[in-house]
Amino acid sequence: MKHRWPILAIVIATVLVFARLIFASKGVPFRVIPWDFRMAGAPWLIYGWDMIRAGHWPLWCPYAGAGTPFFINPQTHVYAPPAILLGLLFGYSYRMVQLYSVASIAFAGVGAYGLSYSFWRSRSAALLSGLCFGLSSTLYSHLEHAPILSAYALAPWLFWAILSAIEKRSRWAMLGIAAVVYSLLTAGYLGVILMLGPWSAAWALALAFRLPTSNRERLRVLAQTVFAAGLGAAMASVNWLPFLASASEYTRGEGLGLDFVLGTTGSLAPKHFLGMLYSFITSNPFPGVELDVSMRGIYFGTVAVVLAMVCLASVREWIVGALATLTLGSLLMALGGAFFARIALHILVPIFNMSRFPAGDSRYLAVLGFCVLAGGGALAVARRDETASLLARRSFKYLVVFYLVSLVGLQLMFGKFIDVVASTVTFEAFCMLLALVVLWRWQNATATLFLCAIAVLETGYGATANFDPAGQLMSKADYLNLSHHETGFPKTGILSPRLGNEASLNADTSAAYVGKKFFVSEYNPLRLKRWMALTGAGFGPWLRTGPRVVALPAGSAPTSYAEFAPIATPVKFDITSFGPNQIAYDVDLPSAALLVFNEMYFPGWKATVDGKSVLVKPLAEGLRSLNVAAGHHAVALKFRPGIFFVALGISLASLVVFLAWALRVWRRRRMVPAVA
């Protein structure tokens with residue numbers, strides 16, 4: 001396999017740069033991915049596969065948010081292909097999820113390598129593209145956001161699969177489109193997917209338009225591409241269909257306000273473009289209003305910037321124009337409210353208001369475009385193109401001067417000496433000097449390999465100097481507390497007050513998912529309306545400290561805690577069985593009553609009393625309740641949301657179609673030759 005060495009080089013570079021996330025000392029990684037990874041991403045994946053490995057559908061979590069519907073959360077990664085493989089083989093822990101996240105970076109680099117190779121047909125040039133994209137600050141600054149990082153990693157694979165499917169008429173590539181779309185919809189972030197859709201559609205149309213064939217044939221190829229993408233979306237139904245069908249249940253199902261979506265907190269500013277030259281901007285931004293640290297990263301190595309400019313200036317191929325359009329267009333889209341076309345897009349197509357991070361949904365495409373263009377520039381230099389070589393040498397020479405002057409200018413701008421700023425700028429000057437020496441000495445494939453090594457030095461040093469978004473130091477005691485993992489589903493503490501703060505839905509409740517401790521709050525991406533209605537009606541303290549079961553007079557329907565408290569009476573009960581999707585009680589009632597449970601209601605809860613079905617109704621919009629006659633009864637509640645099983649059926653049927661298609665292609669063993 002002629003590509004094994006470049007792929008191995010990308011993997012090795014990733015391991016070396018992120019070794020502190022991969023390796024551990026006495027069971028504790030040298031660095032731990034921070035923020036959302038600890039609070040949400042890792043706990044969700046761990047919990048979902050704990051359920052599957054224990055023989056439960058991942059539907060409900062009784063431990064978080066006073067009970068929460070796990071199956072509508074589209075960011076759990078539970079159904080993503082690599083997550084399924086690792087989950088079946090090993091299950092998950094914080095350490096395993098961290099390794100999974102770092103692997104996404106290597107996967108992104110390999111995808112960029114493949115895409116670049118399909119254009120330039122040079123392994124060394126494609127290697128430069130793969131290294132620069134995979135080690136860019138755009139990727140590692142999103143290690144905390146697994147869905148965003150996954151979408152970034154899959155994007156080059158999608159463009160590559162579309163190219164092979166349309167230009168080469170590859171049936172395997174058509175299957176690849178289905179697989180990538182499935183992966184995007186089970187692992188990717190909605191905002192990134194929304195913006196990737198139009199770009200990938202434009203890419204498919206451009207490729208079809210260039211086919212030297214009839215319009216009818218072009219339409220046939222496009223129809224096959226659309227079918228493949230649709231099949232991938234159908235296979236992913238189990239992840240996205242319940243989320244969409246339940247949109248009325250959470251506030252994130254509603255588009256956000258235009259000014260909020262396109263505000264400064266999630267959009268790049270033109271000053272951030274300098275982040276392509278200054279790696280320190282990720283963790284040490286320029287003075288002024290700033291967006292989130294994870295959104296600022298746009299550094300992919302100055303060597304790649306120079307070579308991308310060389311490609312634009314010296315390579316006369318149609319793909320250069322296509323890549324330039326992608327790069328410039330997505331860079332402008334990342335400006336959010338500062339770019340008039342982005343504002344118009346949100347007004348004309350309101351679904352884009354579902355994304356509140358223009359920098360998050362667009363800038364990675366600009367980085368990908370730059371990195372692939374850099375491969376073309378490296379190839380032009382290796383082929384001894386005089387214009388390309390001269391431009392590259394001059395650029396590196398001027399950049400040495402630029403960085404040395406910056407040492408003074410930046411200190412004046414910040415008003416003080418900042419060590420990381422001075423160090424990264426000095427190292428950049430050193431790398432530019434190395435690149436200049438390489439181009440003076442060689443102008444062939446050897447030069448490209450040396451430039452690849454310099455690119456690794458640049459991006460690796462930049463990652464090391466700005467490592468906080470990727471990983472932070474954690475003591476052994478804190479890590480062991482964070483990662484304490486209860487693989488079963490105990491009911492220990494079910495009758496004790498819930499942990500957390502009912503006044504906040506954003507509490508760090510990783511212990512609910514991983515340690516299986518009962519919390520009243522949850523770090524929830526959906527903002528359930530029923531939870532908000534209950535706390536707004538004064539039920540928050542009762543959700544935290546109230547009894548598990550109470551009785552209300554039959555026919556009562558209080559809408560607030562003030563109405564509920566005076567009429568609620570204790571109930572003699574015993575919990576006879578407990579699981580993540582079900583709970584059973586023995587209760588004794590002196591008279592007929594409305595039995596109310598101290599746990600969230602959601603459509604899909606079913607109940608039986610002494611084996612007979614009884615309707616579960618929401619009380620005050622969010623508590624489970626049901627009518628029970630006087631006497632001793634066995635009450636069983638199970639969570640069986642119909643939409644999940646509909647979605648699961650669609651996914652399984654689509655998977656059968658996909659496998660049958662793959663078997664047919666495999667049997668033929670040949671691809672339809674491209675039209676000459």
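Only this structure's heavy atoms are used, side chains among them; waters, hydrogens and symmetry mates stay out. As the structure is a computational prediction, the values presented were derived from the model and not from experiment.
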With sequence neighbours left out, the residues meeting side chain to side chain donor-acceptor pair (under 3.5 Å) with Lys271 are Glu290

Residues 190-197, side-chain donor-acceptor partners within the protein, below 3.5 Å, at least two apart:
none

Distance col, row Leu365:CG vs Leu331:CG, nearest 0.5 angstrom, shows 10.5 Å

Residues 422-433 vs side-chain hydrogen bond (donor to acceptor under 3.5 Å, both in side chains), sequence neighbours excluded, gives Tyr299-Glu428, Thr302-Glu428

Show which side-chain atoms of residues 462-474 pair as donor or acceptor with protein atoms under 3.5 Å away, not counting sequence neighbours.
residue	atom	partner	partner atom	Å
Thr464	OG1	Gly460	O	2.9
Asn466	OD1	Ser283	N	3.3
Asn466	OD1	Ser283	OG	2.4
Asn466	ND2	Ser279	O	3.1
Asn466	ND2	Gly462	O	2.7
Gln472	NE2	Asp468	O	3.3

### Task
Could you walk me through whether Glu502 and Ser521 pass the side chain to side chain contact (heavy atoms under 4.5 Å, CB included) test, one step at a time?
CA-CA 6 Å; Glu502 68 275 6; Ser521 51; over 6 Å; no

| said: For Phe489, does the six-membered ring have the charged nitrogen or CZ of Lys516 within the cation-pi criterion, i.e. under 6.0 angstrom from the centroid and within 45° of the normal? | reply: yes

Side chains of residues 20-28: which donor-acceptor pairs under 3.5 Å do they make with residues two or more places apart or in other chains?
none

Taken in chain and number order and not counting sequence neighbours, the residues that satisfy side chain to side chain donor-acceptor pair (under 3.5 Å) with Ser406 are Tyr278

Tyr92 side chain to His485 side chain, donor-acceptor N/O pair below 3.5 angstrom:
no

| request: Assign the ring pair His77 / Tyr100 to parallel, tilted or perpendicular, where the plane angle (0 to 90°) is split at 30° and 60°. | output: perpendicular

field: Distance-only donor-acceptor check, side chains Asp478 and Ser475, under 3.5 Å
entry: yes

